[in-house]
Amino acid sequence: MEPNFIQDVERAISGEKEAFVRLMMSMEQTLYRVSRSILKTDHECLDAVQEAVLNAFHSIHTLREPRFFKTWLIRIVMNVCYRIAREQNKVILFSHPENSEAVNRFEAHVELQQALESLNEELRLLIQLHYFEGFTVREMAELLQVAEGTLKSRLVKARERLAKWYTASATERSGITYEQ
């Protein structure tokens, strides 16, 4: 972790608002992507991130160890997302781009999103944290309070299910869901 990042965490804990803003700016994409792995709509994700940032701002003084800031903040986002998910129905809304390159990227994104949506929330979150956010198995174990071996097994299971989803035909895919 960068020394400036740790210094900003220490400054934010001591009440420096500008340091807190810098931290949030550096984490905003990660927070959104984590929320997107749990929630379905951009609106819900943005609401969750906003609420999590506000919660973090009000409780940053309770953070004892600056090096755990990222883990602490992601845990706050996850808790807010889980609460929102319990309260609302999920709908995926997609727009239709017009140029062919954009359509191809859009279709690949939709296919990836569908593959991830076929996983249960727990496996989807693991894939998001590990492959899209770059968390190590050790960092995820600390964050999720699960043994490293368990996480490795779950990642294998998630990869196997994604591989099965991608190798299935479109008609077979409609019946594949892993929500148990």
Side-chain angles (χ1 to χ4, degrees), residues 1-94 109 112-113 116-117 119-155 157-159 179:
M1 203 172 284
E2 296 177 25
N4 289 342
F5 188 84
I6 295 294
Q7 289 174 346
D8 277 346
V9 173
E10 291 168 346
R11 288 179 178 141
I13 290 171
S14 67
E16 186 180 314
K17 292 176 185 174
E18 293 81 14
F20 185 81
V21 169
R22 282 191 301 274
L23 291 169
M24 293 304 107
M25 295 298 287
S26 71
M27 293 286 298
E28 70 181 331
Q29 290 297 316
T30 297
L31 299 178
Y32 177 80
R33 287 188 296 256
V34 167
S35 70
R36 188 65 182 183
S37 72
I38 298 169
L39 301 172
K40 305 289 192 255
T41 68
D42 289 334
H43 183 275
E44 289 172 329
C45 294
L46 294 172
D47 285 348
V49 170
Q50 183 177 13
E51 184 176 332
V53 167
L54 186 60
N55 291 348
F57 180 76
H58 289 298
S59 61
I60 193 161
H61 65 279
T62 65
L63 180 63
R64 289 183 229 139
E65 208 38 68
R67 65 190 170 108
F68 293 124
F69 175 78
K70 286 183 179 182
T71 303
W72 174 78
L73 184 59
I74 288 173
R75 173 55 71 188
I76 291 172
V77 169
M78 289 169 51
N79 288 336
V80 170
C81 290
Y82 290 142
R83 183 188 53 73
I84 290 172
R86 284 190 304 268
E87 294 173 357
Q88 298 182 357
N89 293 328
K90 305 296 163 250
V91 177
I92 299 176
L93 301 174
F94 294 105
H109 174 75
L112 175 60
Q113 191 67 32
L116 291 172
E117 291 297 323
L119 299 174
N120 65 35
E121 186 176 289
E122 175 185 55
L123 296 179
R124 192 168 52 242
L125 180 61
L126 293 180
I127 293 292
Q128 182 69 41
L129 290 173
H130 190 63
Y131 292 104
F132 296 102
E133 300 306 324
F135 278 73
T136 65
V137 172
R138 175 171 284 149
E139 290 169 333
M140 291 181 354
E142 290 174 13
L143 174 67
L144 301 172
Q145 299 174 342
V146 176
E148 287 183 41
T150 303
L151 284 179
K152 289 177 183 178
S153 297
R154 290 177 185 168
L155 281 169
K157 182 191 290 185
R159 285 190 297 265
E179 290 292 333

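From a predicted model like this one, the values you see are computed outputs, not experimental measurements.
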For I13, does its backbone N or O pair with a side-chain atom of H61 as donor and acceptor, under 3.5 Å?
no
Donor-acceptor check, side chain of S59 to backbone of T62, threshold 3.5 angstrom: yes or no?
no
How far does CD1 of I74 sit from CE of M78, to the nearest 0.5 angstrom?
8.5 Å
From CA spacing to verdict: side chain to side chain contact (heavy atoms under 4.5 Å, CB included), R159, Y131
CA-CA 11 Å; R159 285 190 297 265; Y131 292 104; 2.5 Å; yes
Q128: partners by side chain to side chain donor-acceptor pair (under 3.5 Å), with sequence neighbours left out
E133
Using a 4.5 Å cut-off on heavy atoms from C-beta on, say whether the side chain of I38 contacts that of V77.
no
Measuring from R75:CZ to L144:CG, what's the distance to the nearest 0.5 Å?
5.5 Å
Is there a donor-acceptor contact under 3.5 Å from the side chain of R36 to the main chain of K40?
yes
Take L73 and L23 through the test side chain to side chain contact (heavy atoms under 4.5 Å, CB included) and record every step on the way to the result.
CA-CA 10 Å; L73 184 59; L23 291 169; over 6 Å; no
Output for pair (D8 CG, R11 CZ), nearest 0.5 Å, gives 6.0 Å
Yes or no on salt bridge (Lys or Arg N to Asp or Glu O under 4.0 Å) for E139 and K70, after CA distance, side-chain angles and deciding distance?
CA-CA 10 Å; E139 290 169 333; K70 286 183 179 182; over 6 Å; no
Would V49 and E28 count as a side chain to side chain contact (heavy atoms under 4.5 Å, CB included) if you check the C-alpha gap in whole Å, the side-chain angles of each, and the deciding distance to 0.1 Å?
CA-CA 8 Å; V49 170; E28 70 181 331; 5.9 Å; no
How would you list, by chain and number, every residue that makes a side chain to side chain donor-acceptor pair (under 3.5 Å) with Q7, sequence neighbours excluded?
none
Interatomic distance, CZ@R33 vs CE@M27, rounded to 0.5 Å, equals 10.0 Å
Worked check of side chain to side chain contact (heavy atoms under 4.5 Å, CB included) between L155 and L123
CA-CA 7 Å; L155 281 169; L123 296 179; over 6 Å; no
Below 4.5 Å, heavy atoms only, C-beta onward: do L31 and V53 meet side chain to side chain?
yes
From CD (E10) to CD1 (I6), nearest 0.5 Å:
6.5 Å
If we only count heavy atoms from C-beta on, is the T30 to F132 side-chain gap below 4.5 Å?
no
On a heavy-atom basis, which atom in N55 and which in V80 lie closest, and how many Å separate them?
ND2-CG2, 3.7 Å
If we check salt bridge (charged side-chain N to carboxylate O under 4.0 Å, His left out) with R154, which of these qualifies: E122, E148, E121?
E122
Approximate separation, where rounding is to 0.5 Å, of L116 CG and L125 CG
11.0 Å
Not counting sequence neighbours, which residues clear ring pair (Phe, Tyr, Trp, His ring centres under 6.0 Å) with F57? List them please.
F20
